[in-house]
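First up is the structure itself, then whatever we jot down about it.
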2 protein chains.
Amino acid sequence: MANKFSRSGIKDESYSEELGAIASAVRAARRRHHLTQAQLAGLSGTGLRFISELERGKPSISLHKMISVLAVLGLQLRVVEAS
Amino acid sequence: MANKFSRSGIKDESYSEELGAIASAVRAARRRHHLTQAQLAGLSGTGLRFISELERGKPSISLHKMISVLAVLGLQLRVVEAS
DNA sequence: CAGTAATTATCCCGTTCGGGATTAATTCCG
DNA sequence: CGGAATTAATCCCGAACGGGATAATTACTG
């Protein structure tokens, strides 16, 4: 996941494939819906900061907030067997 | 999700189907592996409290910790289209 | 290219997570 | 059934989330 907006922060890219996949899925879905991060924040009852961090794969984000965001985008979380 | 160990706490059962499904999946998988919550905590690098709350569907748990637990149980998180 | 829009980083600060311990309640099983 | 095992609730407290604002950086477009 290319961090194109990086200023000077260090981003640990090695954390988890799942995290990265979720982050990418959220960003892609947001763009499909032609929403800015700010709009998505408003629609999901979260803040701009949360959306930004979610899309950059921040590990420690709160599950229910993420579920709220997914719902706005017509997505869901599922538990599956590891491949 | 029957709360069989409930003492006197009030449990909001209406929160999110996804949360409940994740919680149930974790508990079921743990039992399939014949692990106690304490053992699973040890294996996943979390604490007993976290496992207990995860299995009871606590909404605000931290995503990466949950992913660690799922990994021990041979499970993964996926984002899917909402049905 | 320049101006505007969008995204990211950082700050302050109130709220809450969760480790580990302890206690209480429930479940398990011989 | 009773005792041991397991799970849930609660406590203290350090760590950290995240709202909102601000500033910096990057992307977009005419």
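No hydrogens, no waters, no symmetry mates; every other heavy atom, side chains included, goes into these values. A note on names: the letters A, B, ... follow the listed sequences, proteins ahead of strands, and every chain is numbered from 1.
- Sequence neighbours left out, the pairs with a member in residues 32-49 of chain B that pass salt bridge (Lys or Arg N to Asp or Glu O under 4.0 Å) are B:Arg49-B:Glu53.
- Side-chain N/O atoms of B:Arg31 include none lying less than 4.0 angstrom from OP1 or OP2 on D:dT7.
- A search for side chain to side chain contact (heavy atoms under 4.5 Å, CB included) contacts involving B:Ala25 returns A:Val79, not counting sequence neighbours.
- When distances run from any side-chain atom of B:Gln37 to the nucleotides C:dA6, D:dT7, C:dT8, the shortest one goes to D:dT7.
- Rounded to whole Å, the distance from NE2 on B:His34 to C1' on C:dC29 is 16 Å.
- Remark: C1' of C:dA25 and CZ of B:Arg56 are 12 Å apart, rounded to the nearest angstrom.
- With sequence neighbours left out, B:Ala38 forms a side chain to side chain contact (heavy atoms under 4.5 Å, CB included) with B:Thr36, B:Leu48.
- With sequence neighbours excluded, no residue forms a side-chain hydrogen bond (donor to acceptor under 3.5 Å, both in side chains) with A:Glu18.
- Here the C1' atom of nucleotide D:dT6 and the CG atom of B:Leu40 are 14 Å apart, to the nearest Å.
- Across the protein-nucleic acid pair, B:Leu35 atom CG and D:dT7 atom P stand 10 Å apart, rounded to whole Å.
- Scanning for side chain to side chain contact (heavy atoms under 4.5 Å, CB included) contacts around B:Ser52 gives B:Gln37, B:Arg56, with sequence neighbours left out.
- For the pair B:Ser68 (side chain) and B:His64 (backbone), a donor-acceptor distance under 3.5 Å is present.
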List every contact pair, protein side and nucleotides 16-20 of chain C side both N or O, where the distance is under 3.5 Å.
residue	atom	partner	partner atom	Å
C:dC17	OP1	B:Ser60	OG	2.2
C:dC17	OP2	B:Lys58	NZ	3.3
C:dC17	O5'	B:Lys58	NZ	3.1
C:dC17	O5'	B:Ser60	OG	3.4
C:dG18	OP1	B:Ser62	N	2.9
C:dG18	N7	B:Arg49	NH1	3.4
C:dG18	N7	B:Arg49	NH2	3.0
C:dG19	OP1	B:Lys65	NZ	3.3
C:dG19	OP2	B:Gly47	N	2.9
C:dG19	O6	B:Arg49	NH1	2.2
C:dG20	O6	B:Arg49	NH1	3.2

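- Side-chain nitrogen and oxygen atoms of B:Ser52 include none within less than 4.0 Å of the OP1 or OP2 phosphate oxygen of D:dT7.
- Between A:Arg27 and C:dT8 there is a side-chain N or O to OP1 or OP2 distance below 4.0 Å.
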